[in-house]
Amino acid sequence: MQLSERQQAVLRRVVEEIVGTGQPVGSKTLVERSDLRVSPSTVRAELAELENLGLLTHPHTSAGRVPTERGYRLYADRLLGRLEQPPAFPLDLTSTSNGVESALQATTEMLSQVTRLLALVSAPPLEVTHVRHIEVLLLQPQLVMVVVITSAGGVSKRLFHFEEPVDAGLAQWASDYLNEAVAGLQLGTGLLRRRFEDPGLSPAEHAFLDALRPAFTELVSAEQRLYVGGAADLLGEVRAEEMDAYRSLFELVERRADLLDVLGQPSTSQRPFVRLGHELAHPALAEIALVGACYGLVHRALGAVSLVGPVRMDYEKALGAVRSAALELSHFVESIYDEA
């Protein structure tokens, strides 16, 4: 859609006023509060034309206008087209000693504090991590715990019940064997699976390892983790007429798997993106906007950093925040996965 420079300026000012006040914007307000060097009558004409184009609308009988979803979309696209170097993100992940999980949680908390929006950060899929260390612990004669520590700092614990008592020497052997044969391998690979099928193993060793195999193979199929922060801050900013939309959003947050479906798979591009209302393809989010950016390795995105809020959110601030946070996380995970 082609707009004149003045129409673009008027649309931008309407959006900025809505972000700041939440109230419909009239021509007089635009002239008084902006640097538009034209008369109110000229602004009224431009507002009417933008409404004819489907970019603005009248709420109820108000004399002011508010952007439509299409108007917000055009405004966001213009921002995406002129992204500059993102501002420094107030978070230092170099001191994070407990792995990726701590870094993701810290990023989520800082994003929500900076923007007062709902922050969502998806964790890397487990199959891209490597096994760092394994413990096979005999807790009771017929109860074994397998502890798997990954290169990303994740710790998985799984219990296995056996019909017959397990020999303590067999459990110790399995711990030693797996640390020698599997540690350093990437989860989800055929090489890791083949280490459980070594033809040199005795029938008893093979049977025991086969029973423990799900501690490694079923990690990959586990639900991707999603870190959420800022719900209380967002609720503090919600207007009364937006409450129904947010109630639906928070119900969706309780179902993390559904929310991950809405977020979709990480893009191969680490360029920020904006999804508005019906673009989110979920009835609970028709009046919600999502701003995000992917983080990861040079040739592979591992997850996404997102902010969720009203369609009248401050897109410029949100885009800068997710872009900066994604860059910080990318630098962090590159160091983690390079070491794996």
Side-chain angles (χ1 to χ4, degrees), residues 93 95-108 121-227 256-257 260 296-297 300 302-303 329 332-340:
L93 297 178
S95 61
T96 305
S97 59
N98 295 324
V100 172
E101 293 184 1
S102 294
L104 298 179
Q105 186 63 52
T107 302
T108 304
V121 180
S122 57
L126 286 167
E127 64 263 26
V128 303
T129 64
H130 293 68
V131 177
R132 176 169 289 171
H133 184 72
I134 300 143
E135 293 284 352
V136 180
L137 306 172
L138 186 60
L139 302 182
Q140 297 176 11
Q142 294 169 248
L143 181 64
V144 171
M145 174 186 284
V146 177
V147 181
V148 179
I149 302 174
T150 70
S151 58
V155 179
S156 169
K157 300 177 182 179
R158 182 149 180 172
L159 295 173
F160 296 89
H161 295 267
F162 292 84
E163 294 183 0
E164 302 293 332
V166 175
D167 180 79
L170 183 62
Q172 182 60 52
W173 168 85
S175 189
D176 295 339
Y177 172 82
L178 290 171
N179 275 297
E180 181 179 345
V182 173
L185 297 182
Q186 186 173 309
L187 286 165
T189 60
L191 179 57
L192 184 145
R193 291 190 293 271
R194 287 194 293 275
R195 295 297 169 87
F196 287 83
E197 301 165 359
D198 187 336
L201 300 176
S202 70
E205 292 168 343
H206 187 277
F208 188 59
L209 285 184
D210 194 54
L212 304 184
R213 186 198 300 252
F216 301 84
T217 58
E218 293 182 7
L219 272 175
V220 176
S221 62
E223 178 182 308
Q224 188 181 19
R225 294 156 296 162
L226 182 68
Y227 295 80
R256 300 295 174 92
L260 280 166
L297 309 176
R300 179 175 184 179
L302 299 179
L329 272 181
F332 181 80
V333 298
E334 282 170 5
S335 66
I336 293 290
Y337 288 96
D338 283 347
E339 294 173 357

Original post:
When rounded to the nearest 0.5 angstrom, what is the spacing between CG in Asp210 and CD in Glu197?
Top reply: 8.0 Å

Original post:
Could you give the distance from CE (Met145) to CZ (Arg158), rounded to the nearest 0.5 Å?
Top reply: 12.5 Å

Original post:
Do the side chains of Val166 and Phe208 get nearer than 4.5 Å, heavy atoms only?
Top reply: yes

Original post:
In this structure, are over 12 heavy atoms from other groups packed under 6.0 Å from Glu180 atom CD?
Top reply: no

Original post:
Does some side-chain heavy atom of Leu185 sit less than 4.5 Å from a side-chain heavy atom of Val131?
Top reply: no

Subject >> Within-4.5 Å side-chain heavy-atom neighbours: Leu138 and Asp167 >> reply: no

**OP:** Quick one: pull up CG in Leu329 and CZ in Phe332 and give me the separation to the nearest 0.5 Å.
**Re:** 8.0 Å

Original post:
So do Pro214 and Val146 actually touch side chain to side chain, heavy atoms under 4.5 Å?
Top reply: no

Subject >> pair Thr107-Tyr227: side-chain heavy atoms closer than 4.5 Å >> reply: no

Original post:
So, the side chain of Gln142 versus the backbone of Glu163: is there a donor-acceptor pair under 3.5 Å, distance only?
Top reply: yes

**OP:** Check Phe162 against Ala211 and note the closest heavy-atom contact, atom names and distance.
**Re:** CE2-CB, 3.7 Å

Subject >> Phe216 to Leu192 - nearest heavy-atom pair and separation >> reply: CB-CD2, 4.1 Å

Original post:
Does the side chain of Leu178 reach to within under 4.5 Å of the side chain of Leu209, using non-hydrogen atoms?
Top reply: yes

**OP:** State, with a plain yes or no, whether a side-chain heavy atom of Ile134 is found less than 4.5 Å away from one of Tyr177.
**Re:** no

Original post:
Closest approach of Arg132 and Ala183, non-hydrogen atoms and distance?
Top reply: O-CB, 3.9 Å

Original post:
Any idea which heavy atoms bring Pro124 and Leu104 closest together, and the distance?
Top reply: CD-CD1, 4.0 Å

Subject >> Interatomic distance, Leu297 atom CG to Leu302 atom CG [nearest 0.5 angstrom] >> reply: 4.5 Å

